[in-house]
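Report on the following structure.
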Amino acid sequence: MGLDEVMQAVGPRQLYLLCLLTVLQIFVAAHAVFMTIVGATSPFHWDFGSLPSDQSQDNTTANESQQFRHWLRVTNMSEIHRHVHFDPGFSSVITEWFLIGDASYKINMASSMYFFGVLIGVITFGQVSDRYGRKKVYLTGLALDILFGIVSGIAPTYPIFLALRFFVGVNNGGMSLVSFVLLQEYVPVSYWAITGSLQSLSFAVGISLYALVGYFIRSWRILAIVINIEGVIILLPSLCIPESPRWLYAQGRWSEAEQILESFAKMKGQQKSIVSLKPLTAQNVGEKANVLDLFRHRVLLERTLVLMFVWLICSLVYYGLTLSAGDLGGDRYLNIALSGLAELPSYPICLFLLSRTWSGRRRTLAGFLLVGGAACLIIILLPETKGTGLLSVVISQTPSILGKLSISAAFNVVYIYSSELFPTSVRNVGMGICSMSSRIGGIIAPFVPSLKSIQVSLHFVVLGVAGLLAGVLCLLLPETLNKPVPEKISDLYGIAHHKRDIVVPQVSVVNPTGDSSESEEDFAADEGTALIQ
């Protein structure tokens with residue numbers, strides 16, 4: 001029996017691990033979209049010069065006023081504080097440090113610093129967790145994420161706030177990546193699609209819940225502290241979670257892996273079950289790997305390059321469409337909530353397609369990317385409409401919504417697909433390098449809408465062509481549905497992969513109080529109840 005088979009036999013019944021690490025994504029989402037409320041523009045007016053004291057302006061109009069910009073340049077901060085008056089019912093970093101006029105770029109800089117921190121975090125945390133374990137790195141990252149998040153809420157100056165946003169990004173991005181891998185390694189491979197989709201679903205819900213909390217808490221400092229209280233609630237029970245049995249197995253620490261698998265079996269009701277891991281060979285035990293191994297081996301190199309590009313495009317199109325749709329008027333909190341809710345239908349569709357042999361992982365990912373890219377190109381063909389009727393709204397928004405749903409689904413699939421393509425020994429490193437590419441796409445995305453200044457539809461051309469190209473490249477990757485997950489890099493090559501039952505350790509589940517036929521029947525029954533085959 002292989003490792004996947006014994007995990008199928010003893011689980012998944014560790015529902016508390018599933019719930020804990022799934023709810024974690026709500027906390028992760030709040031930090032990811034933190035600046036959408038905290039850095040939101042606020043109406044204000046000024047009373048200087050020839051302008052009447054009661055003349056109100058919004059941020060956009062004021063920032064475009066050359067007279068106002070010139071006055072901000074030549075006036076000291078105390079005078080600005082005396083003559084510029086913000087809406088008293090709203091608090092943000094703009095109202096805190098008067099980030100208006102030429103200083104308005106600092107709002108976007110705070111977002112960029114966060115995503116730059118995420119970029120650093122996914123690289124470093126991936127390698128560190130592959131070496132020192134998933135649990136230690138996850139707990140450390142979550143604790144530091146909460147700490148820096150709370151301190152950012154009491155930052156006295158903008159430069160300190162900017163630095164803290166960077167450190168929040170480092171820990172939030174790295175910790176969320178490790179937690180994703182950790183949950184996948186707690187459950188059998190046949191459940192990876194479900195656990196991956198649930199985490200993505202939780203992230204989308206987290207965006208909407210953050211908007212709801214922000215609606216009732218209008219002080220940005222209190223809001224920053226409140227969202228981190230959720231992190232504390234998640235951190236406390238996380239102290240009791242076990243290490244990844246897959247990571248322990250890959251490191252040759254079989255006795256520890258046995259104890260964890262036995263505890264999983266007890267949760268299932270097999271109180272006296274004994275898990276025994278007996279490796280036949282020791283040549284691959286404790287295989288050490290680093291980021292260079294992703295580019296040193298031909299098979300891994302091909303997979304890594306394609307996945308890096310796909311992750312980059314997923315992020316580029318996702319945030320490109322989101323920023324392009326952000327020009328809609330109305331209540332900012334409602335818009336943020338709807339942006340999260342709009343993603344929800346994509347996840348049950350993913351679960352359905354990922355488990356079907358005629359679609360699998362590869363075709364599902366390619367299909368969503370192709371549909372998302374095509375939707376962007378369809379937007380170009382639609383005539384410009386200024387109507388407000390139902391038909392006009394449907395015609396103008398349907399391609400954009402379809403593109404958002406498709407790329408959200410593709411993002412969900414690529415997480416699951418990538419975790420199955422990388423061997424356990426380099427899975428966190430591989431996921432980290434792919435997530436790094438994703439963050440690069442996120443950094444580029446804010447500049448895509450600015451292409452409208454060159455040609456009105458150029459940004460949709462870029463997003464559409466990028467999505468189509470990524471969809472085609474996905475077809476170069478192998479299918480992983482119902483295939484054994486590689487534990488070592490050597491498993492990717494010919495004989496080692498096809499004859500897996502010869503080179504991997506033998507695993508047996510022994511029930512000392514029952515006969516072998518009964519144990520075999522129990523295993524068959526468990527295997528038959530898997531949600532995804």
Side-chain angles (χ1 to χ4, degrees), residues 15-38 40 114 118 138 142 145-146 149 168 172-173 175-184 187 191-217 223-224 226-235 237-238 314-315 318-319 321-322 325-326 330-352 354 368 401-416 435 438 442 531:
L15 293 181
Y16 77 102
L17 295 174
L18 174 62
C19 294
L20 181 65
L21 296 181
T22 299
V23 172
L24 172 70
Q25 293 302 315
I26 296 178
F27 171 71
V28 173
H31 273 299
V33 297
F34 181 68
M35 291 300 296
T36 58
I37 293 179
V38 171
Y114 169 82
V118 172
Y138 158 65
L142 179 56
D145 189 6
I146 296 169
V168 168
N172 190 264
M175 172 273 298
S176 63
L177 172 68
V178 175
S179 68
F180 176 86
V181 175
L182 183 60
L183 179 56
Q184 297 293 70
V187 299
Y191 290 85
W192 282 13
I194 291 180
T195 55
S197 295
L198 286 176
Q199 290 188 81
S200 299
L201 181 68
S202 179
F203 187 91
V205 172
I207 296 175
S208 300
L209 290 180
Y210 173 66
L212 179 63
V213 174
Y215 177 80
F216 291 103
I217 302 177
L223 180 62
V226 167
I227 64 172
N228 284 283
I229 293 177
E230 179 194 352
V232 176
I233 296 174
I234 297 173
L235 175 63
S238 293
C314 282
S315 181
Y318 178 86
Y319 288 108
L321 287 175
T322 301
D331 186 82
R332 69 168 66 91
Y333 303 98
L334 180 60
N335 290 339
I336 296 172
L338 290 178
S339 70
L341 295 176
E343 302 178 23
L344 299 184
S346 64
Y347 302 118
I349 297 175
C350 285
L351 285 177
F352 175 79
L354 286 173
F368 280 129
I401 293 174
L402 178 61
K404 181 69 181 296
L405 288 175
S406 299
I407 205 63
S408 298
F411 235 146
N412 178 40
V413 175
V414 77
Y415 259 100
I416 300 167
S435 187
S438 170
L531 297 179

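Worth knowing before you read on, the calculation uses all heavy atoms, side chains too, and leaves out hydrogens, waters and symmetry mates.
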(request) Check the pair Gln25 / Ser176 against side-chain hydrogen bond (donor to acceptor under 3.5 Å, both in side chains), numbers first and verdict last. (result) CA-CA 7 Å; Gln25 293 302 315; Ser176 63; 5.6 Å; no
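- Interatomic distance, Leu344 CG to Ser200 OG, rounded to the nearest 0.5 Å: 11.0 Å.
- What you find for Thr22 and Ser202 is that their closest heavy atoms are O-OG, 2.6 Å.
- Of the possible donor and acceptor atoms, one in the side chain of Thr36 sits under 3.5 Å from a partner among the backbone N and O of Val33.
- For the pair Ile234 and Phe27, the minimum side-chain heavy-atom distance is below 4.5 Å.
- For the atom pair CD1 (Ile227) and CG (Leu223), the distance works out to 5.5 Å, reported to the nearest 0.5 Å.
- The two residues Val23 and Glu230 have their closest heavy-atom pair at O-OE2, 3.8 Å.
- Nearest heavy atoms, Val118 versus Gly173: CG1-CA, 3.8 Å.
- Counting heavy atoms from C-beta outward, Tyr16 and Pro237 have side chains that stay 4.5 Å or more apart.
- Side-chain contact between Val187 and Leu18 is absent, with no heavy atoms from C-beta onward closer than 4.5 Å.
- Atom CD1 of Ile37 sits about 10.0 Å away from atom CD1 of Ile217, to the nearest 0.5 Å.
- Counting only heavy atoms from C-beta outward, the side chains of Val168 and Phe34 never approach each other to under 4.5 Å.
- Looking only at side-chain heavy atoms (C-beta outward), Ser408 and Tyr318 come within less than 4.5 Å of each other.
- To the nearest 0.5 angstrom, Ser179 atom OG is 6.0 Å from Gln199 atom CD.
- The CD1 atom of Ile416 lies 13.0 Å from the CZ atom of Phe411; values are rounded to the nearest 0.5 Å.
- Taking the six-membered ring where tryptophan is involved, the planes of Tyr333 and Tyr215 are perpendicular, since the angle between them exceeds 60° and thus also 30°.
- Looking only at side-chain heavy atoms (C-beta outward), Ile26 and Phe203 stay at 4.5 Å or farther from each other.
- Summarising the geometry of His31 relative to Asn228, their closest heavy-atom pair is NE2-OD1, 3.1 Å, with the distance given to 0.1 Å.
- Between Tyr114 and Asn172 the shortest side-chain heavy-atom distance falls below 4.5 Å.
- Across every non-hydrogen atom of Leu142 and Ser238, the tightest pair is CD2-OG, 4.4 Å.
- Between Tyr415 and Phe180, the distance separating the two ring centers is shorter than 6.0 angstrom.
- Side-chain atoms of Leu24 and Tyr138, non-hydrogen and from C-beta on, do get closer than 4.5 Å to each other.
- Here Leu20 contributes atom CG and Leu183 contributes atom CG; the two are 9.5 Å apart, rounded to the nearest 0.5 Å.
- In this structure, the side chain of Ser346 engages the main chain of Glu343 through a donor-acceptor pair within 3.5 Å.
- Cys314 and Ala410 make their closest contact through SG-CB, 4.1 Å (heavy atoms, listed as atom of the first residue, atom of the second, distance).
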(request) Apply side chain to side chain contact (heavy atoms under 4.5 Å, CB included) to the pair Ile349 and Phe368, showing each step before the final yes or no. (result) CA-CA 11 Å; Ile349 297 175; Phe368 280 129; 3.8 Å; yes
